[in-house]
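First up is the structure itself, then whatever we jot down about it.
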Amino acid sequence: MIVDEKFAARTARELVAAKKVPDSDDLDALVTGMKDNALTAQDLVLDSFLLEADHADAVRTRLAAGTVLVLDQVSWVKANAQSINGVVDDAALLAPVTPATAKGAAVEVAGVLSLLSTRVLGQFDPFAVETGRLMFVAPAVLVAEEAMGVDPRDFRMWVALHEATHQVQFATAPWLRDHMRTLLSGVVSTRVTMPGVGGIVDLFATLGRIVKGEASLVDLIRDDDMRAALDEATAILSLLEGHADVVMDEVGAGAIPSVRRLRRKFEARRDAGQGGFLSNLLGMDLKLAQYRDGAKFVRAVRREVGQKGFSRIYAEPANLPSTNEIHQPQLWLDRVHG
């Protein structure tokens with residue numbers, strides 16, 4: 001364990017800005033509604049994948065084994081400290097993690113996550129537990145829907161569709177968890193050579209600067225293998241986010257009356273720097289253009305080979321697109337479909 005999870009939560013209580021909390025009846029309705037939305041979204045998204053019956057049944061079994069959590073900000077910080085421990089392989093670190101080091105890392109992580117807890121609405125976490133966790137940050141959802149002036153019922157389903165798509169992606173491709181874990185563990189571990197970074201605490205302090213826009217992870221990496229890992233991870237995140245955007249629009253058209261307005265509002269939110277959790281935490285700086293590139297890739301591939309042809313992406317790691325292929329879908333089509 002590289003981050004002391006309990007200490008991270010304790011620190012977050014001092015850092016997280018208090019948000020307006022609805023009365024107990026409204027809060028119960030929000031929690032119940034978000035969980036129901038998540039289950040509905042899972043079914044809608046899975047249907048859109050057009051999987052063969054046996055494969056779809058296996059995916060449903062994996063989805064049923066997962067959990068849906070509606071959290072406050074402090075609980076979300078603790079959950080993501082758990083996720084970081086699930087991503088980073090202790091054996092990959094250059095120095096052993098002592099209890100004091102884990103507490104120091106917890107302070108830095110709590111600082112980063114407390115900032116992100118005001119931005120992140122929902123998240124699928126495949127790392128903390130093998131079955132995965134679908135999580136929603138209730139205060140952030142409430143603040144965002146009010147600030148954006150959108151219909152709460154539509155907005156909450158919109159958020160659920162996006163995160164449920166990620167859940168279905170990982171359930172469709174069970175190997176994706178370990179593949180991403182290997183890439184991200186390499187990116188986050190102290191084998192990433194950064195000027196002035198001498199241990200895990202300094203590493204998370206540097207990530208905090210990245211999230212605040214004071215540094216760039218890409219600029220700080222000196223190791224060619226780590227640059228390649230970061231490039232591959234960024235391409236995968238672009239694919240997963242772009243695919244989620246396509247599913248949100250297509251499935252949302254039949255389930256969410258105000259879907260077009262939500263799309264405009266959602267993209268404006270991303271332009272303001274409020275993107276996906278992993279891209280924020282790792283300083284991958286996925287901008288709106290990269291989400292759009294991922295969506296364009298998905299649409300281009302599906303025009304040529306249909307949804308079932310596109311689904312070959314989730315068959316094995318070798319079928320994942322590179323950054324060049326994200327920008328030039330024909331390269332992926334030529335390589336995978338010949």
Side-chain angles (χ1 to χ4, degrees), residues 19 22 26-27 29-49 63 66 68-73 76 116-125 132-171 237-280 286-292 294-296 298-299:
K19 297 295 181 183
D26 289 343
L27 185 59
L30 171 64
V31 172
T32 301
M34 289 301 296
K35 289 183 176 181
D36 288 344
N37 283 347
L39 297 177
T40 300
Q42 288 173 4
D43 289 337
L44 293 172
V45 171
L46 181 54
D47 288 345
S48 77
F49 273 49
L63 291 174
V68 179
L69 304 174
V70 182
L71 306 171
D72 61 21
Q73 290 164 287
W76 181 82
L116 292 178
S117 72
T118 65
R119 305 177 187 177
V120 176
L121 306 174
Q123 167 198 354
F124 175 63
D125 168 25
R133 305 185 297 187
L134 194 58
M135 303 188 292
F136 301 99
V137 187
V141 170
L142 292 171
V143 169
E145 65 191 23
E146 182 176 346
M148 295 164 67
V150 294
D151 179 80
R153 187 192 68 82
D154 286 3
F155 181 68
R156 294 170 192 180
M157 177 56 77
W158 174 261
V159 174
L161 277 175
H162 186 94
E163 303 310 329
T165 300
H166 293 320
Q167 187 178 25
V168 175
Q169 288 165 338
F170 278 85
L237 289 175
S238 294
L239 164 72
L240 297 179
E241 293 293 349
H243 186 203
D245 275 4
V246 171
V247 172
M248 287 169 77
D249 287 343
E250 293 181 351
V251 174
I256 302 173
S258 60
V259 65
R260 291 185 180 179
R261 184 166 185 266
L262 285 171
R263 166 58 62 197
R264 291 195 300 271
K265 294 282 189 177
F266 203 63
E267 291 191 352
R269 180 182 172 86
R270 281 179 177 164
D271 271 341
Q274 302 183 53
F277 165 72
L278 282 174
S279 59
N280 273 321
L286 285 186
K287 296 298 186 185
L288 180 56
Q290 289 170 282
Y291 286 91
R292 285 177 173 162
K296 286 178 182 177
V298 173
R299 292 188 177 102

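Residue numbers count from 1 along this sequence. It should be emphasised that the depicted structure is a prediction, and the values quoted were computed from it without experimental measurement.
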Taking side chain as C-beta onward, heavy atoms only, is [X] less than 4.5 Å from [Y]?
{"X": "Val150", "Y": "Trp158", "answer": "no"}
{"X": "Leu39", "Y": "Leu63", "answer": "no"}
{"X": "Met157", "Y": "Leu262", "answer": "no"}
{"X": "Glu146", "Y": "Val143", "answer": "no"}
{"X": "Leu46", "Y": "Val168", "answer": "yes"}
{"X": "Trp76", "Y": "Leu69", "answer": "no"}

Identify the two heavy atoms, one from [X] and one from [Y], that lie closest to each other, and give their separation to 0.1 Å.
{"X": "Ala38", "Y": "Leu134", "value": "CB-CD2, 3.7 Å"}
{"X": "Ala138", "Y": "Val70", "value": "CB-CG1, 3.9 Å"}
{"X": "Leu121", "Y": "Ala144", "value": "CD2-CB, 3.6 Å"}
{"X": "Ala140", "Y": "Ser117", "value": "CB-O, 3.8 Å"}

Taking only residues two or more places apart in sequence or in another chain, which ones pass side-chain hydrogen bond (donor to acceptor under 3.5 Å, both in side chains) with Asp125?
-> Ser83, Arg133

Can Asn37 and Phe136 be said to form a side-chain contact (heavy atoms from CB on, under 4.5 Å), step by step?
-> CA-CA 11 Å; Asn37 283 347; Phe136 301 99; over 6 Å; no

From the list Arg263, Arg292, Arg299, Lys296, salt bridge (Lys or Arg N to Asp or Glu O under 4.0 Å) with Asp245 holds only for Arg263

Applying side-chain contact (heavy atoms from CB on, under 4.5 Å), run through Val141 and Phe155 and close with a yes or a no.
-> CA-CA 9 Å; Val141 170; Phe155 181 68; 4.2 Å; yes

Are His243 and Phe49 close enough that their ring centres sit under 6.0 Å apart?
-> yes

Would you say the side-chain atoms of Asp151 and Ser258 include a donor-acceptor pair closer than 3.5 Å?
-> no

Just checking, is any N or O donor in the side chain of Glu163 or His166 under 3.5 Å from an acceptor N or O on the other one?
-> no

Could you give me the CA-CA distance, side-chain angles and deciding distance for Arg261 and Asp154, then say whether side-chain contact (heavy atoms from CB on, under 4.5 Å) is met?
-> CA-CA 10 Å; Arg261 184 166 185 266; Asp154 286 3; over 6 Å; no

Spatial distance of atom CG (Leu116) from atom CD (Gln73) [nearest 0.5 Å] | 11.0 Å

Spacing of Met34 atom CE and Leu71 atom CG [to the nearest 0.5 Å] = 10.5 Å

Please report the C-alpha distance between Val298 and Leu239 in whole Å, then the side-chain angles of each, then the deciding distance to 0.1 Å, and finally whether the side-chain contact (heavy atoms from CB on, under 4.5 Å) criterion is met.
-> CA-CA 8 Å; Val298 173; Leu239 164 72; 4.3 Å; yes

